[in-house]
Amino acid sequence: MRKVYFDHSATTPVDPAVAEEMMKYLTEHFGNPSSIHAFGREARKAVEKARQQVATAIGASSVGEIAFTGTGTEADNMAIRGVAYANRHKGNHIITSAVEHSAVLNCCKQLEREGFSVTVLPPDQYGRVTAQQVADAITDKTILITIMHANNEIGTIMPIKEISEVARERKIIFHTDAVQSVGKIHVNVDELGVDLLTLSGHKIYGPKGVGAMYIRKGTFWHPIMFGGGQERRRRPGTENVAGIVGLGKAVELATQRMHADAERLSKYRDRIISKVLEKIPHTILTGHPKERLPNHVSFCFRFIEGESMLLMLDMKGIAISSGSACTSGSLEPSHVLTAIGLSKEVAHGSLRLTMGKDNTEEDVEYFLETLPPIIERLRAMSPLSEGCNPCACSTCTVHEEDHHHDHGEIEEEF
Amino acid sequence: MYSEKVMDHFTNPRNVGEIENPDGVGQVGNPSCGDIMKITLRVEDNVIKDIKFKTFGCGAAVATSSMVTEMAMGKTIEEALQITNKSVAEALEGLPPAKMHCSNLAADALKAAIEDYLKKQNA
């Protein structure tokens, strides 16, 4: 059976060239970068080379502005909490958006419990917030704005440049989570005008378990972890040398490949979007039709549930993901899909397809052949259809209050 | 994450559809939670002669619906009322813990259909 991996926003395979670089630092050059001897120096050299690779890729003016972390989530925590704690004397207000990754949203929620006040901006139907919305939300207590560069679920690219102009004018620190955009679209910290930016290795053919935080020189920030002097005390703990080497190589390769990949994949993307909308009725494209990641396609199919669709595609060898409750491990559908105004019912029928460097035209055609009969089959099985309101039917015991949520073992709050 | 039995019922669901002019109809669930099950029955001499389902939901929701129709087919009304959500899950060799409450409503749908049938009988 044909196997098609269309879930590159979840994770990517490690590029063989990246793995090859990494291997040496697991076996031969195993030294601790903090050690003075030759073993340590070899490892230190590799970490600093990777730092240069990351700095170059995102246009940082100095390598000292890059700190390696364990994950993208850790980098987000460091950026957001580090700025919040350091600037508490100036104010306690943070601005973010309702479509952020949980790493950002739940970090803000925690800060709220600690006495910070958080404004969560509602996005438009495409998942964008405007610079004007940000400007209107700023108070004299605002110390941080954190808005993602590109959305993981719906692919929408935020107007970061415009928002950063507002932030700069009002002298407020601006962070962007660029985990989904680095390596896919042009990312330059000066052009974007951000003070902090976070990225992750495994979304760009690097290894899992490594990320990085960019912090512009002069940004007032405190560490949130304490220990040794590694990473200029920003992220103490012995460096994951092989992982860092892998991230460095991966980000370098991704930057080299980016334009060619974006051109090819955006053609596939636009073909999938137009064909699916043409072939399958009651389909909603989620996210911005134009201002979206070149490899990213996302839909909601009405009257069906995402997990069933995902399982059926999986049986045909196609790996995709969904923001339905059943696939998220919680009982609630995606907070991003509900934030852009979709009803929970519609949000349950979501599909996200994210392409990568190794996908081909054949993969796209195979998907376009495979999907319509699956949707048709699930719709034939569904009691929902156009004009049928299940709650209006006389024999129906459908109730609006959640019959089972009080038994839920998984707590998810959005 | 799903047992073989669940995957079997999900892949080849039994008794999908809707009976025309059914003797009983039951529907439970909530579209906002992502699960709705509708069961239609044909009853003769107190025995379930035909049963069909339509389900909006995840793999577990489809599999439990299919299983409950298989379990109820040919049973008397009294026997069918003994089927519980728990026994459906057991017949499927278990469900993942997160699905036990959210997608395991098929016996409730069956019960609602039977109650509808009984109500019509008494009307």
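Throughout, protein chains are lettered first and strands after them, A, B, ... in sequence-line order, and every chain is numbered starting at 1.
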Checklist entry - In terms of heavy-atom contacts, does NZ of Lys49(B) have more than 12 from other residues, nucleotides or ligands at under 6.0 Å? => result no
Checklist entry - Less than 4.5 Å apart, any side-chain heavy atom of Glu307(A) and any of Phe10(B)? => result no
Checklist entry - When you look at CD of Glu376(A), are more than 12 heavy atoms from neighbouring residues, nucleotides or ligands closer to it than 6.0 Å? => result no
Checklist outcome for this item: Heavy-atom closest pair (Ser308(A) atom, Cys58(B) atom, distance to 0.1 Å) is OG-C, 3.3 Å
Item to check | Tyr126(A), OH atom: more than 12 neighbouring heavy atoms under 6.0 Å | outcome: no
Checklist entry - Below 4.5 Å, heavy atoms only, C-beta onward: do Thr55(B) and Met381(A) meet side chain to side chain? => result no
Checklist entry - How many angstroms lie between atom CG of Leu311(A) and atom CE of Met1(B), to the nearest 0.5 angstrom? => result 6.0 Å
Next on the checklist: Please classify the contact between Ala61(B) and chain A as side chain, backbone, both or neither, with a heavy-atom cut-off of under 4.5 Å.
Outcome noted: neither
Next on the checklist: Heavy-atom pairs under 4.5 Å with chain B: which of Val346(A), Ile304(A), Leu378(A) has the most?
Outcome noted: Ile304(A)
Next on the checklist: A quick test of your reading: do over 12 heavy atoms of other residues, nucleotides or ligands sit less than 6.0 Å from NZ of Lys316(A)?
Outcome noted: no
Next on the checklist: Under the rule for side chain to side chain donor-acceptor pair (under 3.5 Å), what residues qualify as partners of Thr64(B), not counting sequence neighbours?
Outcome noted: none
Item to check | Shortest non-hydrogen contact between Phe56(B) and Glu305(A), atoms and distance | outcome: CE1-N, 3.8 Å
Checklist outcome for this item: Taking every heavy atom of Lys38(B) against every heavy atom of Pro383(A), the minimum-distance pair comes out as CB-CB, 4.0 Å
Next on the checklist: If I measure from the heavy atoms of chain B, does Met309(A) come under 4.5 Å with its side chain, its backbone, both, or neither?
Outcome noted: neither
Item to check | Atom group of Ser65(B) that falls short of 4.5 Å from chain A, counting heavy atoms | outcome: neither
Checklist entry - Take atom CD in Glu20(B); do more than 12 heavy atoms of anything else shown fall under 6.0 Å from it? => result no
Checklist entry - So with a 6.0 Å cut-off around NZ of Lys111(B), is the heavy-atom count from everything else above 12? => result no
Item to check | Residues, nucleotides or ligands: over 12 heavy atoms within 6.0 Å of Glu78(B) CD | outcome: yes
Item to check | Shortest non-hydrogen contact from Lys54(B) toward Ala380(A) | outcome: CE-O, 3.2 Å
Checklist entry - Roughly how far, to the nearest 0.5 Å, is the OG atom of Ser382(A) from the CE atom of Met37(B)? => result 12.0 Å
